[in-house]
Participant: 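The structure follows.
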Amino acid sequence: MNISDLMVQLLMFIFIIGIFFAVFFVVRSLLTKQPSQTNSIEQKLDRIIELLDKEN
């Protein structure tokens, strides 16, 4: 095995690890965004309820 084969294998290994990390971070960011969207919706609904209570 010469040095160029070793370099190509090392680069491929780093590339595959990078793909796994990218997928992990994308999934993690999608899962952490959902609660903040839910929280925002809850705040808006609370504001609507307050405004309706003031009208009555």
Side-chain angles (χ1 to χ4, degrees):
M1 178 187 264
N2 58 20
I3 196 77
S4 62
D5 289 339
L6 184 63
M7 294 288 283
V8 169
Q9 286 182 356
L10 184 63
L11 287 174
M12 285 296 146
F13 182 70
I14 292 171
F15 181 71
I16 290 171
I17 297 280
I19 290 174
F20 282 123
F21 275 114
V23 169
F24 172 75
F25 285 118
V26 167
V27 169
R28 192 177 85 175
S29 69
L30 289 175
L31 290 177
T32 56
K33 273 193 170 187
Q34 288 177 342
S36 65
Q37 290 175 349
T38 304
N39 192 16
S40 175
I41 292 171
E42 287 176 1
Q43 288 176 350
K44 289 176 184 177
L45 288 173
D46 288 341
R47 179 74 178 137
I48 292 170
I49 290 170
E50 288 175 9
L51 291 174
L52 287 173
D53 286 342
K54 285 182 182 178
E55 284 183 9
N56 295 334

Participant: Apply the hydrophobic cluster definition, ILVMFWY joined by side-chain contacts under 4.5 Å directly or through others, and give me every member besides I17.
Facilitator: F13, F21, F24, F25

Participant: Rounded to the nearest 0.5 Å, what's the gap from CG on L52 to NZ on K54? Could you check?
Facilitator: 11.5 Å

Participant: Apart from I14 itself, what residues make up its hydrophobic cluster, given side-chain heavy atom links below 4.5 Å?
Facilitator: L10

Participant: CG/D46 to NZ/K44 distance, rounded to the nearest 0.5 angstrom?
Facilitator: 12.5 Å

Participant: If you link ILVMFWY side chains whenever their heavy atoms are less than 4.5 Å apart, which other residues fall into the same cluster as F20? By chain and number, please.
Facilitator: I16

Participant: Could you state the interatomic distance from CZ (R28) to CG (L31), rounded to the nearest 0.5 Å?
Facilitator: 10.0 Å

